[in-house]
Amino acid sequence: MEKTETRTLAEQYLNLGGTRQVMIDDNKTFIRQYEEEPSKAAAFWHEHIESLDQATREDVEFFLPSINADGNTDTTERTKT
């Protein structure tokens, strides 16, 4: 399966040590950040993700680790519907 651009952005952010998590409720995403993250991850978020239009940014957020998950934060098994 080919990775989407939004999934690739999320993975790049996480590989830099990004700590933001997504909470999904009624098909709306909310970002939570409980831990500080490395400056490279914060800069990547600001430069590549924060500036996206809302719909695209929400697509990226979908691939972040989920607060809703039952301990499984592996995004490789998620599919967007």
Quiz item: Hey, mind stepping through Asp53 and Thr56 against side-chain hydrogen bond (donor to acceptor under 3.5 Å, both in side chains) and telling me if it holds?
Solution: CA-CA 6 Å; Asp53 64 82; Thr56 306; 2.9 Å; yes
Quiz item: Name the one of Thr8, Leu14, Thr6, Val22 that satisfies side chain to side chain contact (heavy atoms under 4.5 Å, CB included) with Phe63?
Solution: Thr6
Quiz item: Looking only at heavy atoms, what is the nearest atom pair of Leu16 and Pro38, with distance?
Solution: O-CG, 3.5 Å
Self-check item: Check ion pair Arg20-Glu37 (N to O, under 4.0 angstrom)
Solution: yes
Practice problem: Apply the test side chain to side chain contact (heavy atoms under 4.5 Å, CB included) to residues Thr19 and Glu36: give CA-CA distance (whole Å), side-chain angles for both, the deciding distance (0.1 Å), then the verdict. | Solution: CA-CA 7 Å; Thr19 60; Glu36 278 194 50; over 6 Å; no
Self-check item: Value rounded to 0.5 Å, distance of CZ in Arg32 from CD1 in Ile67
Solution: 6.0 Å
Quiz item: Can you tell me how far CZ of Arg7 sits from CZ of Phe62, rounded to the nearest 0.5 angstrom?
Solution: 9.5 Å
Practice problem: Any chance you could measure Phe44, atom CZ, to Tyr13, atom OH, to the nearest 0.5 Å? | Solution: 10.0 Å
Exercise. Grab the two heavy atoms, one from Ala41 and one from Gly17, that are nearest each other, plus how far apart they are.
Key: CB-C, 4.0 Å
Quiz item: Is there a donor-acceptor contact under 3.5 Å linking the side chains of Glu61 and Thr29?
Solution: yes
Practice problem: With the side chain counted from C-beta on, respond yes when Phe30 and Lys28 share a heavy-atom pair under 4.5 Å apart, and no when they do not. | Solution: yes
Self-check item: Over 12 foreign heavy atoms within 6.0 Å of CD, Glu50
Solution: yes
Practice problem: Supply the atom-to-atom distance His48 NE2 to Leu9 CG, rounded to the nearest 0.5 angstrom. | Solution: 8.0 Å
Exercise. Calculate, to the nearest 0.5 Å, the distance between atoms CG and CD belonging to Asp59 and Gln54 respectively.
Key: 11.0 Å
Practice problem: Could you check if a side-chain atom of Ile31 sits within less than 4.5 angstrom of a side-chain atom of Gln21, using non-hydrogen atoms only? | Solution: no
